[in-house]
There are 2 protein chains.
Amino acid sequence: MGVKRKTKSVELMLETFGQSKNALTVVDLVKRFEGKMNKTTVYRVLERLEDEGKLHSFTGKDGLKWVAKCHGCISSNHTDDHPHFQCNDCGISQCLSLDISIPKVANHKIESANFLFFGQCEQCLNSYSE
Amino acid sequence: MGVKRKTKSVELMLETFGQSKNALTVVDLVKRFEGKMNKTTVYRVLERLEDEGKLHSFTGKDGLKWVAKCHGCISSNHTDDHPHFQCNDCGISQCLSLDISIPKVANHKIESANFLFFGQCEQCLNSYSE
DNA sequence: TTTGTTAATGCACCTAAGTTGCATTATATT
DNA sequence: AATATAATGCAACTTAGGTGCATTAACAAA
Ligand SMILES: [Mn+2]
Ligand SMILES: [Mn+2]
Ligand SMILES: [Zn+2]
Ligand SMILES: [Zn+2]
């Protein structure tokens, strides 16, 4: 590859995420763009946007790949190393603006960490009290 | 299903884990038992042993399923809710005997968590200083 | 505006983890 | 030994994700 080009697909993908802190599964994105963007293109556009520091991804409980917007990352360094939350009731997944300190582990050098929390999201909690 | 029976496969599987805190991928287990136990049986035996609280599993960075021995769990309650470690160099994965407190998250009810750490394991650290 | 270069895309096909249905075999009970 | 059924093997399936290659679209140069 040489110089990156602006394309409809890339813009469309970024618009889809907007400024939301909610994550989307790649599977969902593929469905969402059916007829408009090929499955392969979805994967390639996501890979590109991750490289560019505009999106980041994590693996959910189910093993599926989830993608979300980056806030303040640059191409050479993903700085938003935050935990993620997955709702046991409605299944949504979102980024948490929360700092978690990585503990010391004897005889190990820890370089990074994945934190995944499970429970009920705001919307699901509210729907109980109606 | 009715009353569980003792079988060679179940014993063999438990022996394989021994008392180690190292986890094994299901993929590895399938390879390991090639010719002795069918892939399907591996998956079913693992499912059974998880139900019985003798093994537990987690999803690795790669999305693969890892399995490890439980210490002090019973059928109705998996109590060993601990973090896991994956070595970036040699690829091994292991259970960490480490208590991590689950933080409060505004407008969310957190019920459980997955912690996955990445870095260098003891063996890999030592091999550098040789 | 037209032309040339090549990045981006679509499409068909592939890979591999994990699952399912069903016939056969092994274990436990009488 | 005869019976009941849990466990297993096997083949076929499902699905997330990836690859190779021909075609198309973006962009710069003429
Ligand atoms: Mn995030
Ligand atoms: Mn463990
Ligand atoms: Zn919810
Ligand atoms: Zn290691």
Side-chain angles (χ1 to χ4, degrees), chain A residues 1-16 23-68 75 84 86 91-93 114 116, chain B residues 1-16 23-68 75 84 86 91-93 114 116:
Chain A
M1 304 291 134
V3 178
K4 291 275 186 290
R5 294 173 181 173
K6 268 182 195 168
T7 70
K8 296 284 168 62
S9 306
V10 168
E11 282 179 48
L12 189 54
M13 184 64 74
L14 282 178
E15 278 171 25
T16 302
L24 297 168
T25 63
V26 179
V27 170
D28 177 42
L29 287 166
V30 168
K31 276 203 201 95
R32 198 177 287 227
F33 291 128
E34 221 163 26
K36 303 217 159 191
M37 203 189 303
N38 190 269
K39 178 176 74 160
T40 311
T41 306
V42 172
Y43 277 97
R44 286 191 283 223
V45 166
L46 289 175
E47 187 186 24
R48 167 178 171 171
L49 291 172
E50 277 200 71
D51 286 346
E52 296 178 352
K54 289 169 185 161
L55 297 176
H56 64 278
S57 66
F58 59 95
T59 302
K61 191 178 206 165
D62 39 24
L64 287 195
K65 188 177 184 179
W66 291 77
V67 184
S75 183
H84 292 99
Q86 209 164 347
I92 65 130
S93 198
N114 283 356
L116 198 44
Chain B
M1 302 293 135
V3 177
K4 293 273 186 289
R5 292 175 181 171
K6 268 182 194 165
T7 69
K8 296 285 167 64
S9 306
V10 168
E11 282 178 49
L12 189 54
M13 184 63 74
L14 282 178
E15 277 171 26
T16 302
L24 298 168
T25 63
V26 179
V27 170
D28 177 42
L29 286 166
V30 169
K31 275 202 201 98
R32 198 177 287 227
F33 291 127
E34 221 162 28
K36 301 216 160 193
M37 203 188 304
N38 189 270
K39 178 174 74 161
T40 312
T41 306
V42 171
Y43 278 97
R44 287 192 283 225
V45 167
L46 290 174
E47 186 186 25
R48 167 178 171 171
L49 290 172
E50 277 201 71
D51 287 345
E52 295 177 353
K54 289 169 185 161
L55 297 176
H56 64 279
S57 66
F58 59 96
T59 302
K61 191 177 206 166
D62 40 23
L64 286 196
K65 187 176 184 180
W66 290 77
V67 184
S75 183
H84 291 99
Q86 211 164 345
I92 64 129
S93 198
N114 282 359
L116 198 45

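Just so we're on the same page: letters track the sequence lines, and every chain starts at 1.
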Looking only at heavy atoms, which two atoms of Gly91(B) and Trp66(B) are closest? And how far apart?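 In terms of heavy atoms, the two residues are closest at O-CH2, 3.3 Å.
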Identify the two heavy atoms, one from Gln86(B) and one from Lys61(B), that lie closest to each other, and give their separation to 0.1 Å.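 Answer, listing the atom of Gln86(B) first, then Lys61(B): OE1-N, 3.3 Å.
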Could you check if a side-chain atom of Val27(B) sits within less than 4.5 angstrom of a side-chain atom of Lys65(B), using non-hydrogen atoms only?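 Sidechains of Lys65(B) and Val27(B): no contact.
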Would you indicate whether the side-chain heavy atoms of Phe58(A) and Ser93(A) approach each other to under 4.5 Å?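 Answer yes - side chains close enough.
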Residue whose closest nucleotide on DNA chain D lies nearer the 5' end, Gly2(B) versus Thr41(B):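 Result of the comparison: Gly2(B).
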Side chain of Arg44(A) - closest among dG18(C), dT20(C), dG10(C):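 Per side-chain heavy atoms of Arg44(A), the pick is dG10(C).
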DNA chain C: Gly63(B) or Asn38(A), which has the more 5' nearest nucleotide?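 Closest to the 5' end, via its nearest nucleotide, is Asn38(A).
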For DNA chain C, whose closest nucleotide is more 5', that of Thr7(B) or that of Val45(A)?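 Closer to the 5' end of DNA chain C: Val45(A).
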Give the C-alpha distance, both sets of side-chain angles, the deciding distance and a yes or no for side-chain contact (heavy atoms from CB on, under 4.5 Å) between Met13(B) and Val42(B). CA-CA 8 Å; Met13(B) 184 63 74; Val42(B) 171; 4.0 Å; yes
What is the distance, rounded to the nearest whole Å, between atom [atom1] of [X] and atom [atom2] of [N]?
X	N	atom1	atom2	result
Asp28(B)	dG18(C)	CG	P	12 Å
Asp62(A)	dG18(C)	CG	P	12 Å
Glu47(A)	dA8(C)	CD	P	11 Å
Leu64(B)	dT15(C)	CG	P	18 Å
Glu52(A)	dA8(C)	CD	C1'	13 Å
Lys6(B)	dT27(C)	NZ	P	13 Å

Between the base of dG10(C) and the side chain of Lys39(A), is there any donor-acceptor pair under 3.5 Å?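 Checked by distance alone, the answer is no.
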Nucleotides bounding contact with chain A, strand DNA chain D, heavy-atom threshold 4.0 Å: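 Extent of the interface on DNA chain D: dA16(D) to dC27(D).
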Within the side chain of Thr16(A), is there an N or O that forms a donor-acceptor pair under 3.5 Å with the backbone of Leu12(A)?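 Pair found, side chain donor or acceptor close to backbone of Leu12(A).
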Can a side chain N or O of Arg5(A) be found less than 4.0 Å away from OP1 or OP2 on dT6(C)?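 No.
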Base, sugar-phosphate alone, or nothing: which one does [X] contact when heavy atoms must sit under 4.0 Å apart?
X	result
Thr40(A)	base
Val30(A)	nothing
Val3(B)	sugar-phosphate

Before giving the answer on side-chain contact (heavy atoms from CB on, under 4.5 Å), spell out for Val26(B) and Tyr43(B) the whole-Å C-alpha distance, their side-chain angles and the decisive distance to 0.1 Å. CA-CA 8 Å; Val26(B) 179; Tyr43(B) 278 97; 3.5 Å; yes
